[in-house]
Asks: 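Below you will find the structure I want to go over with you.
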Amino acid sequence: MGQISKETNSWGNLKNGLESKLFEPIKIGAWNLRSRIAMAPLTRTFADDQTGVVGEDIVEYYRKRAADGVGLIISEATIISPRGKGYHGTPGIYSDEQIKGWKKVTDAVHKEGGTMIAQIWHVGRLSHHELVAGNLPPQAPSAIPAEGLVPRFRKPYDVPEEMTIEDINEVINQFAQAAKNAIAAGFDGVEINGAHGYLIDQFNSDITNHRTDEYGGDLAQRLTFMKEVIKAVIDAIGTERTMIRFSAHKTDIPNYMWEDPEMAIRTFVEAFKEAGATMVHPSIMQFDRVLANGKTMHQLVRKYWDGVIIGVGTLNPEMANQAIEEGIIDVAAFGRPLISNPDFIHRLKNGEELEEYDSKKHLSTLI
C-alpha cells in the first residue's frame, strides 16, 4: 500500500461506488455479512455509570448503523467484571440487567438485518480505584503503574495489584462467561480486546509484564495469558464466533512499536493458531504505515495467516477496496466516520460528502 493521493483520500468520490468490493456480502466464521464494511469498536461511555446498563439511546445508535447496511457491528468495549472498568459510563456484560439491556440492542440490529458482536474487555492497570467497585486497586500482570492521567477522569493511574495465579484463572473464566453472556444477550459472537495496552496486552508487553512464572519471559511466553483467554472463549462459544484484536499501539504509550515488527507479528500469529483462533483484527493507527521489509502491519499478518483478517486504521474507501482486492484483508472496519455519519454506507454508495468527525460535537452526543 503506497502513499495515498488527495484524490484517493476523498471520502465523497469512491470510484465505481456500487461495484466496490466493500459492498459485497461475505461469510466469515458463523456470520453472513451484508457487506465487507465493519463498524469498529468505539468507546462512547453512554451506559449507566452505576449499573453498566445500556439504554434506549444506545439501542437507536446501533439500530441506525444496522439499517444503513453495515456488515458487521463490533460493539463498544464492554467490561467483563466490575474490576475491569477504566472509564465512567462504560457498559458491562456480567450482570442479568446488563444482558437484558444489550438484548434490546441486538434485537434492534437483527430486525434491521444486521450482525453484531460484543467486544469483551478488561482494562487492567489503566484505571483508578475510584472507578472500580469496592475501591479496589486495578489488576495487572506486574505492579507497574501507567504514566499519565486516566482519560476523561483526569486523575493519575493507580499502582496496580500484581495478579496471582488465582486472579489470572478468575479473569480467564470471566472472559469465558462474558462470551456466554454475550450470546445470551443476542450477540452473534465476540471480539476479545487484546489490544491497546489493556489487560491482555499488558501481559503481552515487556514494559508491563515483568513476571518470572509461566506468564512472563520472552514474547512467546508472555502471550500465554492471551492464548488461555482465547481458548476459554472458543471453548465457551466456538471459534466461528470468536475474534481477537491485537496491536502494538498502547493507549498510554501511543508511539510504542515492537523492536522487530515482523518477528513479533509472526509470534502473535503462531499463538493465535495454537489457541484455535480463525479470525483476527490487527489494529494500527495508520493502515498504510510500513512496519518492516516494505510491508504494512496487515500485509505482515497476511504473510503468516490464512484466516480472516479485519482491516482498520484511518482507512478510506479506496484504500480499503484495494486491500480487499489484493487479498490483504477480508473486511474493512471504519471508526470515526461511523460516529458522525449514521448513514455512512448510503453516502458512500451515492457519492455524497461525509460529515467530518468533530470530537467537540460528536463525543458528547449520540446521533
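Computed from a prediction, not measured in an experiment: that's the story for all the values here. Note: hydrogens, waters and symmetry copies are ignored here, and every other heavy atom, side chains too, is used.
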Asks: Same cluster or not: L338 versus I324, using hydrophobic residues (I, L, V, M, F, W, Y) connected whenever any side-chain heavy atoms lie under 4.5 Å apart?
Replies: yes

Asks: Please name the pair of heavy atoms, one in P141 and one in L199, separated by the smallest distance, quoted to 0.1 Å.
Replies: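 Taking every non-hydrogen atom into account, CD-CD1, 4.2 Å.
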
Asks: Between R125 and D252, does at least one N-O distance fall below 4.0 Å, as a salt bridge requires?
Replies: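 Salt bridge: yes.
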
Asks: With a 4.0 Å cut-off, would you call K103 and D107 a salt bridge?
Replies: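 Looking at K103 and D107, the cut-off is met.
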
Asks: Could you check V171 against M163 for side chain to side chain contact (heavy atoms under 4.5 Å, CB included), going step by step and ending with a plain yes or no?
Replies: CA-CA 10 Å; V171 170; M163 294 171 70; 3.6 Å; yes

Asks: Is it true that the side chains of H122 and Q174 contain a donor and an acceptor less than 3.5 Å apart?
Replies: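 The answer is no; no qualifying pair exists.
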
Asks: Between L315 and L22, is there a shared hydrophobic cluster once you connect ILVMFWY residues whose side-chain heavy atoms come closer than 4.5 Å?
Replies: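 Linked, L315 and L22 end up in one cluster.
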
Asks: Heavy atoms, side chains only, cut-off 4.5 Å: are M279 and I28 in contact?
Replies: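 M279 vs I28: side chains touch.
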
Asks: Is the closest basic N to carboxylate O distance between E262 and K303 below 4.0 Å?
Replies: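 Looking at K303 together with E262, the answer is yes, because their closest N to O distance falls below 4.0 Å.
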
Asks: Just so I know, are the side chains of L33 and V331 near enough to count as touching, which here means a heavy-atom distance under 4.5 Å?
Replies: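 Side-chain contact under 4.5 Å: yes.
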
Asks: Could you walk me through whether S75 and M116 pass side chain to side chain contact (heavy atoms under 4.5 Å, CB included), step by step?
Replies: CA-CA 7 Å; S75 83; M116 185 173 186; 3.8 Å; yes

Asks: State, to 0.1 Å, how close A271 and M226 come at their nearest heavy-atom pair, and which atoms those are.
Replies: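 Scanning both residues, the minimum pair turns out to be CB-CE, 4.0 Å.
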
Asks: For residues M39 and M243: do they belong to one hydrophobic cluster (side chain heavy atoms under 4.5 Å, members Ile, Leu, Val, Met, Phe, Trp, Tyr)?
Replies: no

Asks: For D49 and H88: C-alpha separation, side-chain torsions, deciding distance, then whether side-chain hydrogen bond (donor to acceptor under 3.5 Å, both in side chains) applies.
Replies: CA-CA 6 Å; D49 188 54; H88 279 304; 3.1 Å; yes

Asks: What are the two closest non-hydrogen atoms of G101 and V53, and how far apart are they?
Replies: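 For G101 and V53, the tightest heavy-atom pair comes out as CA-CG1, 4.4 Å.
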
Asks: Should the ring pair Y87 and W121 be called parallel, tilted or perpendicular, given that the plane angle runs from 0 to 90° and is split at 30 and 60?
Replies: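 Ring orientation, 0 to 90° scale: parallel.
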
Asks: For a 4.5 angstrom cut-off between non-hydrogen side-chain atoms, does Y157 reach L149?
Replies: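 No, too far: nothing below the 4.5 Å cut-off.
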
Asks: Is there a side-chain contact between M257 and R289 (heavy atoms, below 4.5 Å)?
Replies: yes

Asks: Does R222 form a side chain to side chain contact (heavy atoms under 4.5 Å, CB included) with F203? I'd like the steps, not just the answer.
Replies: CA-CA 6 Å; R222 293 196 304 272; F203 275 89; 5.8 Å; no

Asks: One thing to verify: whether R44 and E76 come together as a salt bridge, which I'm taking to mean a side-chain N less than 4.0 angstrom from a carboxylate O.
Replies: no

Asks: What is the ring orientation for F272 with F268, classed by angle as parallel under 30°, tilted 30 to 60°, or perpendicular over 60°?
Replies: tilted

Asks: Identify the heavy atoms of G92 and Q98 that sit nearest to each other, and give their distance.
Replies: C-OE1, 3.0 Å

Asks: Walk me through whether E355 and K361 qualify under salt bridge (charged side-chain N to carboxylate O under 4.0 Å, His left out).
Replies: CA-CA 11 Å; E355 180 173 348; K361 177 180 179 180; 2.6 Å; yes

Asks: Looking at every heavy atom in both A40 and V312, which two are closest together, and how far apart are they?
Replies: CB-CG2, 4.3 Å

Asks: Within the 4.5 Å heavy-atom criterion, are Y357 and L363 side-chain neighbours or not?
Replies: yes

Asks: Is there a side-chain contact between F287 and N316, using heavy atoms and a 4.5 Å cut-off?
Replies: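 Heavy-atom side-chain distance check fails, nothing below 4.5 Å.
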
Asks: In Å and rounded to the nearest 0.5 Å, what is the NZ to CG distance from K85 to L126?
Replies: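 Nearest 0.5 Å value for the NZ-CG distance: 15.5 Å.
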
Asks: Less than 4.0 angstrom from a charged side-chain N to a carboxylate O is my criterion; do K273 and D306 meet it?
Replies: no

Asks: Return the minimal non-hydrogen interatomic distance between K27 and G29, and the atom names on each side.
Replies: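 Closest approach of K27 to G29: NZ-O, 2.6 Å.
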
Asks: Less than 4.0 Å between a side-chain N and a carboxylate O, is that true for R63 and E60?
Replies: yes

Asks: Salt bridge or not for K21 and E325, using N-O below 4.0 Å?
Replies: no

Asks: Answer whether the closest heavy-atom distance between the side chains of I309 and P282 falls below 4.5 Å.
Replies: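 Answer yes - side chains close enough.
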
Asks: In terms of side-chain heavy atoms, does N321 have a donor or acceptor partner in S20 at a distance below 3.5 Å?
Replies: yes

Asks: Between the side chains of D358 and K360, is the shortest nitrogen-to-carboxylate-oxygen separation below 4.0 Å, so that they form an ion pair?
Replies: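 No, K360 and D358 are not salt-bridged.
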
Asks: Is there side-chain contact between I367 and H362, with heavy atoms separated by less than 4.5 Å?
Replies: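 Heavy-atom side-chain distance check passes, below 4.5 Å.
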
Asks: Below 4.0 angstrom, N of the basic side chain to O of the carboxylate: do R347 and E353 qualify?
Replies: no

